[in-house]
S.K.: 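Just dropping this structure here.
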Amino acid sequence: MARYEQVQGTVALITLTNPPVNALSAAVRLGITETVTRALRDPEVKSMVICGENGVFCGGADIREFAKPMSGPPLVPMIAAIEEGEKPVVAAIEGAAFGGGLELALGCHYRIAHSKARVGLPEVTLGLLPAAGGTQRLPRLIGLAPALDLITTGRHVTAQEALKLGIVDQVTDQSALDLAIQFAQQVVGQPLLPRKLSTRQTPCPPDVDGLLEETMAQVKQRARGAMAPIACVQAVRAAATLPYQAGMQKEQELMATLFHSSQARAMQYCFFAQRAVGRWSLSSGAHSGNSKPRPVSKVAVIGLGTMGRGITVALVKAGMSVLAVETNKKQLEIGKQMVSAMLKHDAQKRNATPRLDLLHFTIDLLELKNTDLIIEAVFEDMALKKQVFKELSSVCKADAFLCTNTSGLDVDELAAVTKRPELVVGMHFFAPAHVMKLLEVVHGSRSSPEAVATAMHLGKRLGKVSVLVGNCAGFVGNRMLKPYLEQANFLLEEGATPELVDGALEEFGFPMGVFKMSDLSGLDVGWRIRKEAGLTGPNVDPRDPPRRRQGRRYSPLPDLVCEQGRLGQKNGRGWYLYDKPGGRVATPDPSIHKFLEEYRIKHGISPRQIDRQEVVERCLFALINEGFRSLDDGIAAGPEDIDMIYVFGYGWPRHRGGPMFYAGMVGLPRVLTRLEHYRQAHPEVPHLEPSPLLRRLVASGSPPINKWRDFLQRPHSQL
Ligand SMILES: CC/C=C/CC(=O)SCCNC(=O)CCNC(=O)[C@H](O)C(C)(C)COP(=O)(O)OP(=O)(O)OC[C@H]1O[C@@H](n2cnc3c(N)ncnc32)[C@H](O)[C@@H]1OP(=O)(O)O
């Protein structure tokens, strides 16, 4: 797993050979150990170069091995042997050097990178820390502050930034390997000691404690309960305050607390789940391996509201030419100003030039005739969307894809008004669409594999995690959100406050509780949908009592809040009070508390003490239960799809792996028992009735998550 050659007479070339990313599996570690020993012993060899096969240096430790018992030589002594050896070693970094891969390179005496290479220590994103000396060598190389940044965020760094930071010694547009071999010959005979990072002092600012405290505070705020970022700060602190060996000892101790933790398991599950959701399949037998996306170069976006603007920005940022369409000149002008401002702001942050040249604006639908793919992002109203789709169907070229950004309306109903239902798919973006990483691609019953492949591929081009889902009200994400929101409202009726509910959910790890999130989205959005659904407003069945709709318990609280003119952040008043309209600082509002008290009195509800555990269980187990139903209905292809939707679209804490993974961690029998308990206490809430799939899984001994597919009522998903 590591090839050995002697090149240019005196240079030992060691090539890691473990495709696709040359991960440091046991066999690779053994290969490196053996070849380095051989090179050190061979008197003809004066220096060494380490590189990776197929243009990738090394993607780090083999994550698949983490769940197995350790075998093969450990990384720490392997890297120490390279550093301590008396022959210069040069790392030739092409493609990527991540995690253990960069730690290996830091053990080398010199690093040469290709200009397209990226480096980083992303262990924190796997619930770990760089425990092969990364937390000790990187600060000694680049200084305390930049090392803290890189290690606690795990961010990827370009070769250019790596050069500026001092992580690499040279960057080349030519072959990094050729340059490294040349370099390895030139440095023979030069003093090696200063190149051994373990012998250096960490460059520190005058106020080390201040910097560490400030970083710890920031990290805790961002971490939302994740342990790894905190351990990363503690390990880097050791690099600034302890000698190297003691720092290494600290690094190992901290790693031991993380390595077998449920958080690390959850985050490593997310790593593989994120990649698994890209491998979609349909019940027809079509799948990502046999369905080619059609090339798309001209895209149009219809509607420049919040969603349309975000989608346009995302497309332009991905280098695509976009035709942005509005209904009248005034709206078009507003949209144009806002999209241009967003692009300029984004470019400024990246020190780049905004690609305004890729943008074209029109109010004339006839200009769409040469467009390859159209994304409709008009108001969430079926009649309006149908009208748009009819028009698109007649003006666009016959093979253009027609996509809708609906967040939950029936894609088949829209497809049916066109002359090309097979080219219609849902592309459900999440606000803000140029920031949020999730894209739900909705497969209608007549969508062709090519349309699905094209939408999935477009999502990837935009840097999104695209998840294929089936067509039902709310698809996967919003369908599961419904019982979650419902429980939150019921909890208010029963005695909770918005702060209590939000506090419990934020403590769980969500960036924002449900009521703050509703205020941010705008309370009128859901109000309008509920009016259309006949749950509030003039279409309510007059025979329905105030807290029942369509045969089940209903809370009119959010409707009543909207009727008071409280629309959320946008007008400064929602479930909370804000410093100003559009303000972000939420404070509890005594008038909401009074309103809730009066509401309870009016409806004869005696408030009771509700604790955080009940909030978490009722909101999250109801959501998870709907996840099991979505799986059983074939709307979600697998638990990984649901989990990635929640992690990337709804702020589910990554260190808890997503709702379905979390259910497995809590234990399916416990989820079932608690749902049964709450269902008994609230018989009028059907969402609390445990799903048949959950019951089947528990009856079968609660198999691990990767076996759940075997228990679905349909052999194939509906997709
Ligand atoms: C003792 C503990 C020490 C820990 C130190 C560590 O090193 S932990 C690992 C740190 N490394 C990383 O986190 C990097 C993970 N990999 C990536 O970020 C990317 O894969 C990449 C290297 C940037 C390449 O990206 P690209 O988009 O080109 O490919 P994919 O991400 O799709 O990956 C291709 C397949 O390779 C699998 N894979 C990638 N990295 C690893 C790894 N470190 N271990 C095991 N497998 C890895 C990946 O899962 C893909 O395979 P699939 O079958 O498609 O899932």
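Indexing begins at 1, ligand by ligand and atom by atom, following the structure's order.
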S.K.: Between Arg29 and Glu65, is the closest basic N to carboxylate O distance under 4.0 Å?
M.R.: yes

S.K.: Run through Trp708, Tyr269, Trp652 and flag the one making a ring pair (Phe, Tyr, Trp, His ring centres under 6.0 Å) with Phe661.
M.R.: Tyr269

S.K.: Around ligand 1, what residues show up once you keep those with a heavy atom under 4.0 Å from it?
M.R.: Pro20, Val21, Ala23, Gly59, Gly60, Ala61, Asp62, Ile63, Arg64, Phe66, Phe98, Gly99, Gly100, Pro122, Glu123, Leu126, Met255, Phe271, Phe272, Arg275, Arg279

S.K.: Decide whether Ser297 and Asp372 meet the rule of one side-chain donor and one side-chain acceptor closer than 3.5 Å.
M.R.: yes

S.K.: Of Gln201, Arg137, Arg200, Arg140, which meets side chain to side chain donor-acceptor pair (under 3.5 Å) against Tyr244?
M.R.: Arg137

S.K.: So among Tyr646, Tyr650, Phe475, which one has a ring pair (Phe, Tyr, Trp, His ring centres under 6.0 Å) with Phe430?
M.R.: Tyr650

S.K.: Indicate the atoms forming the closest heavy-atom contact of Gly310 with Ala433, along with that distance.
M.R.: C-CB, 3.6 Å

